Amino acid sequence: MSATRDAQRSGAGPSTWTAAADLVVVGSGVAGLSAATAASRRGLRVVVVTKDAPDEGSTRWAQGGIAVVLGDVAGDSVDAHVADTLAAGGGLVDEAATRNILGGGPSAVAELRTRGAVFDDAHDGGRLARTREGGHGTTRVIHAGGDATGAEVERALLAALPGEVTVLAGHTAVAVRQASSVTGLDVVDDDGRVGVISAPAVLLATGGVGGLYETTTNPAVATADGWALALRAGAALADVEFVQFHPTALAVPGLRGRAPLVTEALRGEGAHLVDLSGRPVMDGVDPRGDLAPRDVVAGAITAVLAGTGAPHVLLDATGVEDVRRHFPTVTASCDAIGVDPARDPIPVRPAAHYACGGVITDTRGRTGVTGLWAAGEVARTGLHGANRLASNSLLEGLVVGRATGIDVARALAGPRPVIRPGEPATPIAGAADRATLQRAMSRGAAVGRDAAGLAATSDAIESVTVDRALTDRAAVEDAALTLAAGALLAAAGTRTESRGCHVRRDHPRRDDRWQAASSAVTLVDGRLTLSSTDRVLGGAA
Ligand code: SIN
């Protein structure tokens, strides 16, 4: 039976419909589409729910590439990739999960290529071209269209999506339905029509949380929906204080929302950061210079901006060979503001980029809630720790997404309880005014935090929070951002040290007592609660 919505309309209400599926995937980026494909190929009826157009998620905007060891770069190995990932992640990376994910890279990339994804060729006996990014000890990042890797991955996955998969664009996930286990998902479309999709499995693949901040490299859909859905369903989050700021988003005066990315691969090809007086930003900061891990570079730029009062620093890419041809996406963004990257230094500043933490899962996407899976940026497998290594995320989405689709098919292979579609619920949740929340988070919970700033941020958000019925996309998003901000602020306030992308001005050093310690956040009786992940992970499915 196809899970086509119109074919399943019921009389549940004038503007309410029902549908049935085996798996509902929330989100249509690399992880969601990889899972949907794997599950559909194993005979499951899959519905993909996505808020915008299917290709409007973060995957499409990824530039640099996919970090993967394919065995054709002298001296490189999965062990070396694991070592770089551990070093970047500041002591919080789960080595076993990392080995599993990075080790699954070659077959995931090979499968993607058989589905039609085309990566840039090295013109060297059939090898793929490679570039290097911060924190990598060698050139191991494959790319497509120069700096349009995410767009090519998204295109290929959508083109190869099995025809049996139903995609509901313009639909927002409101709540995970639960009895003793997951029973489906309530959604609302852009015209306010409410739907109930009955299913024994729901996968959250909703991407990131960039909408918590005034400027972000993420698209508008990245409003922490998955964190909120998971918390309300009883799942735990971890490492949510570690929001990675990309060092080099294009600095466009007055811009709010999505700031164009200026890929780190430019620095891999020789571009370097200077302040407005021409002084190298990374001199004396880190021996790896412009290719230090992202947290280090973003921190150095933030220090320069704070010290000089300048609105941005400059990325000088004028020495990069044929920069306009090799980096067409960056070039187009620069051209739009009258900057020619072949001749002019590019104005850049850090912007919120990636959530290193998220819903606690294993490498098959399993959360601690029966019937609920999570994969991609929304999830926390332990690969990223306190600071994600560049270009590890598309790989994680491919590997864990596929593993999740396979795992759901296995989990549903036995007898299943009958699910009766009920009436949709209309949750009510606290939702802050979004502009105020973003302003407060950008001031108090970005790169460089302290106890007073975090407390002031909480107060500012609380003062503009009111209860709202989650009956449309804006309300769902505002409530998700409010809950996510609360989780992040609680975790950031508790971690009284600096580590990875969590930088505390009032606790500027690493504290060994926090080594290997992650805080789990859960929602208990409507209140955010922090505990040790040891306890929560012990209970994971
Ligand atoms: C970039 O191209 O700089 C971004 C890649 C990533 O975030 O992994």
Side-chain angles (χ1 to χ4, degrees), residues 29-31 57-68 81 84-85 88-89 101-102 105 109 119-120 129-136 139-154 207-210 216-219 222 242-251 258-273 290-298 301 315 317 320 323 326-334 341 346 348-356 358 376-377 383-385 387-399 500-501:
V30 58
S58 296
T59 296
R60 162 186 168 183
W61 299 101
Q63 293 187 359
I66 302 179
V68 63
H81 191 179
D84 289 345
T85 302
I101 294 167
L102 301 186
V109 168
F119 292 96
D120 296 332
R130 301 298 204 294
T131 191
R132 186 167 175 178
E133 293 183 73
H136 288 277
T139 52
R140 66 164 71 95
V141 177
I142 62 170
H143 45 86
D147 58 1
T149 313
E152 174 60 6
V153 169
E154 183 73 21
V209 305
T216 168
T217 60
N218 298 178
F242 299 107
V243 175
Q244 184 173 74
F245 279 67
H246 196 289
T248 59
L250 191 66
R258 194 182 73 79
L261 186 64
V262 178
T263 178
E264 197 159 305
L266 273 165
R267 279 176 278 135
E269 301 299 324
H272 54 274
L273 288 158
D290 290 294
L291 284 176
R294 223 166 251 181
D295 56 332
V296 178
V297 182
I301 295 175
L315 181 69
V320 173
V323 64
H326 285 128
F327 295 92
T329 312
V330 171
T331 296
S333 303
C334 288
I346 305 169
V348 290
R349 55 178 298 134
H353 182 59
Y354 197 89
C356 299
E377 185 173 352
L383 174 66
H384 309 311
N387 176 50
R388 178 179 63 98
L389 185 65
S391 286
N392 268 357
S393 45
L394 286 178
L395 190 75
E396 184 183 40
L398 283 173
V399 173
C501 10

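Read the numbers this way: they start at 1 and go in the same order the structure lists the ligands and their atoms. For the single chain, residues carry numbers from 1 onward in sequence order. Small disclaimer: the values here were computed from a predicted structure and weren't measured.
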Quick test: of every protein heavy atom, which one is nearest to [atom], and how far off is it to 0.1 Å?
atom: atom 8 (O) of ligand 1; result: Ser391 N, 2.6 Å
atom: atom 5 (C) of ligand 1; result: Arg294 NH2, 3.4 Å
atom: atom 2 (O) of ligand 1; result: Thr263 OG1, 2.6 Å

Distance (rounded to the nearest 0.5 Å) between [X] [atom1] and [Y] [atom2]:
X: Leu266; Y: Gln63; atom1: CG; atom2: CD; result: 8.0 Å
X: Glu396; Y: His384; atom1: CD; atom2: NE2; result: 3.5 Å
X: Thr216; Y: Phe245; atom1: OG1; atom2: CZ; result: 8.0 Å

Do you know the tightest heavy-atom contact between Leu383 and Asn392?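 Where Leu383 meets Asn392 most closely, the heavy atoms are CD2-O, 3.9 Å.
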Does any N or O of ligand 1 fall below 3.5 Å from an N or O anywhere on Gly65, backbone included?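 Among all N and O atoms of Gly65, none is under 3.5 Å from an N or O of ligand 1.
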Can you find an N/O atom of Asn392 closer than 3.5 Å to an N/O atom of ligand 1? no
Within a distance under 4.0 Å of any heavy atom of [X], pick out the atoms of ligand 1 and give their elements.
X: Glu133; answer: 1 (C), 2 (O), 3 (O), 5 (C)
X: Gly64; answer: 1 (C), 2 (O)
X: His353; answer: 4 (C), 6 (C), 7 (O)
X: Ala390; answer: 8 (O)
X: Glu264; answer: 1 (C), 2 (O), 3 (O)

Using side chain to side chain contact (heavy atoms under 4.5 Å, CB included), reason through Asp120 and His326 one step at a time and then give a plain yes or no. CA-CA 10 Å; Asp120 296 332; His326 285 128; over 6 Å; no
So, the side chain of Glu269 versus the backbone of Val320: is there a donor-acceptor pair under 3.5 Å, distance only? no
Ignoring hydrogens and geometry, is there a side-chain-to-backbone donor-acceptor pair from Thr149 to Ala144 under 3.5 Å?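 Present.
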